[in-house]
Student: 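Structure incoming, see below.
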Protein chains: 2
Amino acid sequence: MTRARPYDREAALDAALHLFWRKGYHATSLKDLEAALRMKPGSIYAAFKSKEDLYLATLERYFGRQRAQIAALRAETGSPLSALAEFLRGVGRPADGDGAAARQACMLIKTLLDVTEDEARIGARARFYLDEMQSEITAVFAAARAAGEVPPDADPARLARRYQADITGLRIEAHRGGTPQTLAALAEDMARDVEALRAA
Amino acid sequence: MTRARPYDREAALDAALHLFWRKGYHATSLKDLEAALRMKPGSIYAAFKSKEDLYLATLERYFGRQRAQIAALRAETGSPLSALAEFLRGVGRPADGDGAAARQACMLIKTLLDVTEDEARIGARARFYLDEMQSEITAVFAAARAAGEVPPDADPARLARRYQADITGLRIEAHRGGTPQTLAALAEDMARDVEALRAA
DNA sequence: AACCGTTTTGAGTGATCGCTCAATAGGTCG
DNA sequence: CGACCTATTGAGCGATCACTCAAAACGGTT
């Protein structure tokens with residue numbers, strides 16, 4: 001019974017991810033997906049059950065990668081605070097190599113704003129993933145506090161909320177299409193604020 | 001030929017505005033609009049030409065109100081910087097009176113993220129309005145500089161970009177559904193940063 | 001090569017999409 | 001009060017929506 005699947009599930013999910021990320025849930029039609037995944041409707045439904053479930057699968061995939069990025073900051077040797085600041089600068093310096101994906105706003109945020117009550121599962125999922133991201137960031141700030149980089153009475157969760165808002169604003173600014181200079185300047189301002197926590 | 005219009009254009013535009021704002025362009029159907037405006041399709045098309053044009057009309061309406069809010073900060077007596085900080089605190093304290101509209105992300109941002117190449121006019125318009133908002137904010141920071149509140153070498157446009165990113169992040173946090181406490185705390189952190197420009 | 005079970009196919013489902021237009025209703029005139 | 005004219009109506013247009021299923025194609029086993 002172990003017939004190899006003629007389609008590449010990973011590649012299909014990636015194709016769906018980028019399509020959904022770019023166009024959003026409502027504006028992406030089954031026809032679009034058929035073309036991007038190079039699968040017929042029947043195959044898509046056999047493999048992913050429904051458009052909504054496929055979206056949820058791509059969202060999970062996206063989240064996994066985002067979380068890994070933040071988690072990597074914790075694993076870095078050296079200053080957690082500098083890692084956070086440097087990450088902001090990286091977001092402000094979008095690589096033009098990966099097909100302008102870096103010029104897209106965060107998919108979790110796009111999902112949060114796109115979704116209506118008709119797709120409650122998607123909205124709930126996006127909120128959950130955003131909460132998870134916040135926890136991940138909180139952990140980095142907690143590490144910074146443990147290392148004495150921020151005052152002992154600082155609230156890591158509160159700092160994380162601010163940091164996440166900065167990331168959101170910065171990535172939307174990138175989406176909006178500012179010049180590399182203004183984008184880098186904005187990221188620099190945010191990064192300096194993070195590093196300024198050290199002095200205080 | 002001066003027959004009075006049996007429908008109230010202002011009320012209809014407001015209804016369309018709130019519907020579009022809440023559901024977004026793609027997820028709002030003509031059926032939804034018919035119900036919200038209490039107009040039949042023919043009337044809607046006679047009055048507003050198309051769904052896209054109606055959206056543009058509501059977007060302009062929204063923008064006008066947003067701009068007025070920022071413009072009011074300039075007219076305020078007293079410190080421009082304090083006015084900007086206080087405005088942030090106001091966004092962090094969403095009034096529950098106006099039907100949770102304050103808990104919605106900025107419509108310009110929602111539009112920016114929702115729109116695809118198929119609605120290029122809408123996207124271009126949203127970008128334009130966001131640029132206008134930035135100019136408005138820049139003018140307030142320029143006033144603050146003229147009043148000696150921020151250093152003479154500060155760049156008002158750059159400060160405005162940061163401020164706008166803060167507003168974006170804050171309003172999306174409100175949309176996400178944080179508690180009043182965490183939302184107020186986030187706004188407070190941002191407001192303090194604005195006021196800290198005075199000391200520097 | 002014949003068989004079997006799974007996967008893929010793609011025409012086609014009813015519903016809904018944005019939108020049109022001939023018919024109707026209702027105010028404003030002579 | 002009837003003629004006129006514009007605003008409103010709503011059934012219905014072709015296109016597209018998300019989705020289904022009977023049939024064909026395929027890989028592994030015998």
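Convention: sequence-line order gives letters A, B, ...; per-chain numbering from 1.
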Student: Please pick, from dG10(D), dT8(D), dC19(D), the nucleotide with the shortest atom-to-atom distance to any side-chain atom of S43(B).
Tutor: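 Comparing dG10(D), dT8(D), dC19(D) against the side chain of S43(B), the answer is dT8(D).
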Student: Salt bridge check, R61(B) against E10(B): does any charged N sit closer than 4.0 Å to a carboxylate O?
Tutor: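 Looking at E10(B) and R61(B), the cut-off is met.
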Student: Please report the distance, rounded to the nearest Å, between NZ in K40(A) and P in dT13(C).
Tutor: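 Roughly 19 Å, once rounded to whole Å.
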Student: Which residue lies toward the 5' end of DNA chain C, K31(A) or R38(A), if each is placed at its nearest nucleotide?
Tutor: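 So the residue in question is R38(A).
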Student: If you find the nucleotide of DNA chain D closest to E52(A) and the one closest to A46(B), which residue's nucleotide is nearer the 5' end?
Tutor: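 By nearest-heavy-atom nucleotide position, the 5'-most residue is A46(B).
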Student: Applying a 4.0 Å non-hydrogen cut-off, can you work out what K51(A) is touching in the nucleic acid: base, sugar-phosphate, or nothing?
Tutor: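 Sugar-phosphate contact only - K51(A) comes under 4.0 Å of backbone atoms but never of a base.
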Student: Heavy-atom distance under 4.5 Å between the side chains of H26(A) and T116(A), does that happen here?
Tutor: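 Of all side-chain heavy-atom pairs linking T116(A) with H26(A), at least one is under 4.5 Å.
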Student: Identify which nucleotide among dT8(C), dT20(D), dT8(D) has an atom closest to any side-chain atom of P41(A), counting heavy atoms from C-beta outward.
Tutor: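 The listed nucleotide nearest to P41(A)'s side chain is dT20(D).
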Student: Less than 4.0 angstrom between a side-chain N/O of Y45(B) and OP1 or OP2 of dT20(C), yes or no?
Tutor: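 For dT20(C), OP1/OP2 do not have a side-chain N/O of Y45(B) under 4.0 Å.
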Student: How long is the line joining CG of D32(A) and P of dA15(D), in whole Å?
Tutor: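 In whole Å, dA15(D) P and D32(A) CG are 18 Å from each other.
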Student: Could you tell me the separation between the CG atom of L30(A) and the P atom of dT16(C), rounded to a whole number of Å?
Tutor: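 Interatomic distance, CG of L30(A) to P of dT16(C): 16 Å.
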Student: Salt bridge or not for E173(B) and R161(A), using N-O below 4.0 Å?
Tutor: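 Salt bridge flag = no for R161(A) with E173(B).
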Student: E119(B) has an atom CD; how far is it from atom P of dC17(C), in whole Å?
Tutor: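 Roughly 16 Å, once rounded to whole Å.
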Student: Rounded to the Å, how far apart are E34(A) CD and dC19(D) P?
Tutor: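 Result: 12 Å.
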Student: Could you state the CD1-P distance from I44(B) to dA11(D), rounded to the nearest angstrom?
Tutor: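 To the nearest whole Å, that distance equals 15 Å.
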Student: How many angstroms lie between atom CE of M133(B) and atom SG of C106(B), to the nearest 0.5 angstrom?
Tutor: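 If we round to the nearest 0.5 Å, M133(B):CE and C106(B):SG are 7.0 Å apart.
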Student: Taking atom C1' of dG10(C) as reference, at what distance in whole Å does atom CE of M39(A) sit?
Tutor: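 That distance rounds to 14 Å.
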Student: Nearest-Å distance, CG (L33(B)) to P (dG10(D))?
Tutor: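 Value for this atom pair: 17 Å.
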Student: To the nearest 0.5 Å, what is the distance between CD (E149(B)) and CG (L197(B))?
Tutor: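 Separation between the atoms: 9.5 Å.
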Student: OP1, OP2 of dC17(C) versus side-chain N and O of S29(B): anything below 4.0 Å?
Tutor: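 Yes, within the criterion.
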